Trainee: 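Following this message is one structure expressed as structure tokens.
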Amino acid sequence: MSTSLRPVLSPPETELSPELLRKLHELMVKGRLLEERLMQMYRQGDGYFWIGGPGEEAFNVPLGLLIEKGRGPQYDYCHFHYRQSATLLAMGADPIDSLRMMKNTATDPYTGGRNFSGHYSIREWNVVPISSPIEVQYAMAPGTAIAQKRIAGGRGITIVTGGDAGTAEGDFASCLIWSSRPANPLPVLILVTNNKWGISTHWQGQHGEKRISDRGKAFGIESKTIDGNDPEICYRELRGAMEYVRSERRPFLMEAIVSRLYGHSSASGANRVNDEADCLQGFEHRLEERGLLTRAQIEELRARFAAELQEAHRKVRQEPMPEGRTIFDHVFSDRDLVRERP
Amino acid sequence: MSTSLRPVLSPPETELSPELLRKLHELMVKGRLLEERLMQMYRQGDGYFWIGGPGEEAFNVPLGLLIEKGRGPQYDYCHFHYRQSATLLAMGADPIDSLRMMKNTATDPYTGGRNFSGHYSIREWNVVPISSPIEVQYAMAPGTAIAQKRIAGGRGITIVTGGDAGTAEGDFASCLIWSSRPANPLPVLILVTNNKWGISTHWQGQHGEKRISDRGKAFGIESKTIDGNDPEICYRELRGAMEYVRSERRPFLMEAIVSRLYGHSSASGANRVNDEADCLQGFEHRLEERGLLTRAQIEELRARFAAELQEAHRKVRQEPMPEGRTIFDHVFSDRDLVRERP
Amino acid sequence: MSNMVQAIRMALHVAEERHGVTDIFGEDVGPPLGGAFTATQGLKTAWNSPLDERGIVGASIGLGLAGCRNVAEIQFCDYAFNAIDLLKLGGMIHWSSNGDWNCPMTIMTPVGSGIRGSIYHSHSFDATATHIPGYKIAIPSTPKDAYGLLLSCVVDPNPCFFLVPKALMRVRAQPGEEIPGEPGDDKALSKLIDAPLGERSQWKPQWPDTPDLFIPFGEARTVRPGRDLTVVSYGRTLPLCARAAEELSREEIEAEVIDLRSLHPYDWERIAESVRRTGRALFVNEDTEITNFGEHLLRRTVEELFYELIAPPRLLAGAHVPGIGLADSLEMASVPQLPSITEAIRSLARIEP
Amino acid sequence: MSNMVQAIRMALHVAEERHGVTDIFGEDVGPPLGGAFTATQGLKTAWNSPLDERGIVGASIGLGLAGCRNVAEIQFCDYAFNAIDLLKLGGMIHWSSNGDWNCPMTIMTPVGSGIRGSIYHSHSFDATATHIPGYKIAIPSTPKDAYGLLLSCVVDPNPCFFLVPKALMRVRAQPGEEIPGEPGDDKALSKLIDAPLGERSQWKPQWPDTPDLFIPFGEARTVRPGRDLTVVSYGRTLPLCARAAEELSREEIEAEVIDLRSLHPYDWERIAESVRRTGRALFVNEDTEITNFGEHLLRRTVEELFYELIAPPRLLAGAHVPGIGLADSLEMASVPQLPSITEAIRSLARIEP
Ligand SMILES: Cc1ncc(C[n+]2csc(CCOP(=O)(O)OP(=O)(O)O)c2C)c(N)n1
Ligand SMILES: Cc1ncc(C[n+]2csc(CCOP(=O)(O)OP(=O)(O)O)c2C)c(N)n1
Ligand SMILES: [Mg+2]
Ligand SMILES: [Mg+2]
């Protein structure tokens, strides 16, 4: 990996190893099947709301593999949005926990049944609580990066993700501004997954900018738009950008063009759309062509994961739901001042 | 004036007429003396707070002369900030009213003694109430421009002004985004007076961008940075940009580099600084050189205005202050529901 | 008979046809969706804004300043909290210009719990809205009230909040509560004004001929008379109060239930008249319980009617916790429900002086 | 003896020297100015942020998540209203992660009227802050309380609001109320820790050796005992209540005055104990009067102590108007002042049961 002081904008075109390609594929399949199971749970009444990232696996999986996970500012901080179950899987999360969050069981390790599907939170891995309001993560990201910047020799970076429509919120601009202050440029990898939609609103009428990444240029931020449907490109570009942020301790803005394969969420029906490229299908074709995987191996993989998820679903169905009185737990981290009445 | 469909980025280099130059000068002097009088009122206890625009006259006066003033969307909407008394003078405001606002008398026609100096509001001229929170005017400006855009053949535009530091607020980005939506580009002249300071905080450490106007480029907004200390340049550039916005019905972003000659406000002492260019001095030198004005004429002008302002100050001192019970007036524009208790 | 969403849509149609509304806008408000709850389908002035609540409120104020009556939607009130400063600004334009400018605008936003909306999509907005001076504030609990209050908002020269209880959006009008001119048959109405599923770019609504109906601000509605105690509520909890009162009449407790409908101005006369008769007052809403609008009503009750009270007035409101949890049990425990309301009425009625 | 601004500065020095505070930041907080009110002069971790309150609150949360104790200043609380959503978010991080994450952060902001701050620079923040779950909230009325409460904020593992009454910033401590270790002589202290006017790039403060002093949240202070009625206040109005009580003792009205100091948690025990004795309660603050935190206190008083009240409890608060007007007469009429407080105490004390 480059350690030069010049920005690594075009990472070396080294081929990714067959092992890595298979791993990417496996995780993409796993990610897709997980989302399909979550949608099914919604349809079966095992959860009130589904939102997730089918169609973004080619971007989300490489991202998860490249993150330096751990607790505290020596590791990467993750300010994610709600379409990143595949990133979490790639980081090593157990899929059953996503089912628990979907069904809001007491056993949901992320929120204890309090928050929607896709709203992860893992302190051990620096995954800060994902929250529903669009774009607030971009306002918080500079804070963790300030902490990282001041560690001498530190290589931990802050990673923030969000959608295209959300960049209209002022917080996206705040992130660009705070990350590029001459007094203290920050190690933030600013990511935008552009699926061309905000719920029902198409990109076209709303965005005067050709590329969202162009918005970084005025601030002297290294900026790039990539094809988010190609996991090889995503892996290489993310690796290069991360290396730049880790070593230069400066921001990088990357926009990835991705697909939204099941519409916005269960609120819009979560039906499969036909007019968007499917990153998984495309990747599988290529792997087959290159002789790295056979159709049979792919089918076997799918069948295995599907069975595992089905089993997990069965298991989660038996798990307890949270008790009402627990709403008063964890309002404060020292004493429960609310329950005691202040 | 050009009516071509191409952006008029470099307005014709026609010399401004001697009459216009003398008028610009006269208004600049008037603007400066008005601010000096307001500061003096503050020092003498005839007002609690001074904030204003000494040092910005070269920009503010041409702006005021070029505005199409009137009431309603056929005319220009002005979303100003608090350093524009010279713009108001150029539009035709009576200086004594600024003194009234400074002293918060009941006769203050802008706010009835409710708001700070420099916080104008004139419905007859589409000057919307200036308010203290930085940058909110940029969030409101698209609204008046939407109304103007839909008037067939309309030439009214929306003009919004603010400082450099304030562009860090998300509302500045919102203004760029809303003005450049492909579905409905808006006739907004987006102005920024860059005096390199936000109170005590220097531009340097805070701005990753070289020019604020660069921020418009990503959105395809015509953008330019000009020397705001030269009234001739300001007049020509503003005229060109306005003509573009009026005829193209699209946004234009202009940044003017200006001076802050008395610090931020009375809160920072309102003392004259020595290290910034004085646009009025520079202009007077040029006018003398070109033989358009003599030093004696300039002195005479100053003396006349100073006397007028002194007289106005004397007059305002006698005027009544608002009565306490009037706080309940004008909460609602139909019935006074608050006083009646809801 | 219409549900509340349909009633809102019909009111907005009347507003743009006859009352000069020029813009109905917000996130996903225009075609193809016509609003997250379909409240803005088929309206000719509806358009999709950028995903930017500050921009939405700012544009609404700007339009109001330009004299354009407009309805700006915040998709969920949960997402209005980054624009409280702009909302406050809208509420002070008339006042800060000493009566020179005014700013007609209606901020429409869904509020409250009841759809398993989790931490966001469950917020209340009544405490926040009532603390912002300069607004008229409506919150309907029936389709007809939604229709008449929304029309009052759009013609008002001042900024208005129109708060829509999410839990009541699909509830149909009671017989006798229809909007004049609407078809009695649900299916018939749906055919006229609900957009078809899927492709709908060619679809046009056929609006029934419904009249101007202005329900004045500050006029509450007594939903149920009663001699034993006064229950004041609005929004999602109002029908629950009415049901609780119904049930308790079997225990010979006769609760009077008042639907406030308008939170500013509010109908103090009606509250006072009732409490004078009953001597007992219960205020019910679902916003969190510290610094809650019901506490204002209770305070005024105590200040003005202290000597007529025969039991301590009470507030039943949401638990003071950071959000409403997703699991059913969590939502139930967070905000007033039928059992807790019933119990609150019963215990207040039974206090011996 | 220090004034409140100096006390805050000394507390922040102790906080960064001994309690791991890594960042004290906000608009104009760092050199050269050291804060609009000079509260952050000479501090080694103080720095100037961009002019962006949302960015400030966001960065404060981010720092807290990274375990960095930090103090983020909003220059005037009037400018926090575009970030209420982020403030709410900070207050729910521990809860929404089911106890996994926590977020130490102190949001420090000047509040209230008293400096002829006009429509902005006069806002109160207590109603808004108390309605946001998950925060501890301090509001001192003396330099020593400011010192001890701010230190409690910075070491707390939860988000805190530290509200600073602008009107009291320059008021000096009363004898007996000094911070241990501070020089008794004002001039001597000023020489040590106030930055010189003008050029100051070489200046370094000399900090007196002041100790850790943690005033616990939820512990009010009885400023003046009294048998006739209980006055509960905080911030700017607190010293006015004390003065009013002093004056009224000449009329043989003995008012007990309680300085709440901490609004969440708050010292209910002390209020209840006092009201049980006096049977009369007056709550005084200067936020606008509809949906006001004093109404919460009054509600709780009524709910829990109804039968011990011998007169209707009262709230004295700010007028429900969009802003505080600049002219002296307007400010005086908008928020409680000595005469109106005196009159409120007098009339409440004189009500015959
Ligand atoms: C502040 C805020 N406003 C509105 C919403 C409602 N909402 C949820 S998702 C969404 C669209 C987001 O679009 P984009 O940013 O492109 O992300 P995507 O869902 O396409 O990945 C909206 C408007 C919200 N969650 N938060
Ligand atoms: C939202 C908001 N935050 C903070 C302030 C306090 N404040 C008043 S002026 C100012 C600096 C503004 O700098 P700039 O935008 O460059 O305008 P200038 O005063 O230099 O013309 C600040 C921070 C404010 N008025 N509004
Ligand atoms: Mg999108
Ligand atoms: Mg500036």
Side-chain angles (χ1 to χ4, degrees), chain B residues 47-49 101-106 108 111-117 119 129 131-136 139 162-172 197-202 205-208 264 267-269 271 320-332 337-339 341-342, chain D residues 25-38 41 47-56 58 75-76 78-83 86 115-123 197-198 200 288-290 318-335 337 340:
Chain B
Y48 299 112
F49 180 73
M101 184 161 44
M102 181 72 202
K103 194 171 180 302
N104 45 86
T105 57
D108 156 19
T111 83
R114 291 178 172 186
N115 215 339
F116 277 153
S117 70
H119 287 58
S131 77
S132 300
I134 294 293
E135 225 63 6
V136 290
D164 49 309
T167 60
E169 299 271 6
D171 293 346
F172 182 72
W197 292 97
I199 307 188
S200 73
T201 304
H202 195 261
Q206 306 295 344
H207 292 261
H264 177 69
S268 58
N271 298 312
M321 301 304 285
E323 287 187 56
R325 60 178 169 69
T326 65
I327 63 168
F328 295 107
D329 295 343
H330 309 304
V331 174
F332 289 103
L337 292 156
V338 173
R339 178 171 291 149
R341 278 199 87 155
Chain D
F25 68 107
E27 296 155 14
D28 304 295
V29 160
L33 190 59
F37 293 92
T38 74
Q41 285 181 343
W47 54 275
N48 286 340
S49 76
L51 203 178
D52 174 17
E53 289 75 16
R54 296 186 59 74
I56 292 168
Q75 194 163 70
F76 291 89
D78 314 57
Y79 302 128
F81 291 94
N82 64 347
L86 285 169
I115 61 161
R116 303 302 173 272
S118 186
I119 305 182
Y120 291 84
H121 316 92
S122 300
H123 266 92
L197 292 178
R200 51 174 75 163
T288 50
E289 60 148 349
I290 297 186
H320 187 70
V321 296
I324 291 187
L326 176 59
D328 189 65
S329 50
L330 302 179
E331 178 165 328
M332 292 300 120
S334 298
V335 283
Q337 308 294 349
S340 56

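Keep in mind it's a predicted model, so treat the numbers as computed, not measured. In what follows, every chain begins at residue 1, and chains take the letters A, B, ... in the order their sequences are listed. The figures here come from the full heavy-atom set of this structure, side chains too, leaving out hydrogens, waters and symmetry mates.
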Trainee: Could you list the residues that satisfy ring-ring contact (aromatic ring centres under 6.0 Å, His included) with B:Tyr48, not counting sequence neighbours?
Mentor: none

Trainee: Checking B:Phe328 against D:His320 for the ring-ring contact (aromatic ring centres under 6.0 Å, His included) test, could you report, in this order, the C-alpha distance in whole Å, the side-chain angles of both residues, the deciding distance, and whether it holds?
Mentor: CA-CA 9 Å; B:Phe328 295 107; D:His320 187 70; 10.0 Å; no

Trainee: Name the option with the most non-hydrogen atom pairs under 4.5 Å to chain B; the candidates are D:Ala333, D:Ser118, D:Gly325.
Mentor: D:Ser118

Trainee: Going by side-chain contact (heavy atoms from CB on, under 4.5 Å), name the residues that satisfy it together with D:Pro31, two or more places apart in sequence or in a different chain.
Mentor: none

Trainee: Contact part of D:Ile324 toward chain B, heavy-atom cut-off under 4.5 Å: side chain, backbone, both or neither?
Mentor: backbone

Trainee: Would you say the side-chain atoms of D:Asp28 and D:Gln75 include a donor-acceptor pair closer than 3.5 Å?
Mentor: yes

Trainee: Pick whichever of B:Ile199, B:Thr111, B:Asn271 has the most heavy-atom pairs under 4.5 Å with chain D.
Mentor: B:Ile199

Trainee: What part of D:Asn82 is in contact with chain B, defined as an atom under 4.5 angstrom from a non-hydrogen atom: side chain, backbone, both or neither?
Mentor: side chain

Trainee: I need the residue from B:Gly205, B:Gly198, B:Gly324 with the largest number of non-hydrogen atom pairs under 4.5 Å to chain D.
Mentor: B:Gly324

Trainee: Of the backbone (N, CA, C, O) and the side chain (C-beta and beyond), which part of B:Glu323 lies under 4.5 Å from a heavy atom of chain D, both, or neither?
Mentor: backbone

Trainee: Hey, are the side chains of B:Ser200 and B:His264 touching, using non-hydrogen atoms and a 4.5 Å cut-off?
Mentor: no

Trainee: Side chains of B:Thr326 and B:Asp329: any donor to acceptor distance under 3.5 Å?
Mentor: no

Trainee: D:Pro322 versus chain B, heavy atoms under 4.5 Å apart: side chain, backbone, both or neither?
Mentor: side chain

Trainee: Please look at D:Arg54 and chain B and tell me whether the side chain, the backbone, both or neither of the residue comes under 4.5 angstrom of a heavy atom of that chain.
Mentor: neither

Trainee: In terms of heavy-atom proximity below 4.5 Å to chain B, should D:Glu331 be classed as side chain, backbone, both, or neither?
Mentor: neither

Trainee: Applying side chain to side chain contact (heavy atoms under 4.5 Å, CB included) to B:Gln206 and B:Thr201, what does each step give before you reach the verdict?
Mentor: CA-CA 8 Å; B:Gln206 306 295 344; B:Thr201 304; 3.5 Å; yes

Trainee: Checking B:Ala165 against chain D: side chain, backbone, both or neither under 4.5 Å from a heavy atom?
Mentor: both

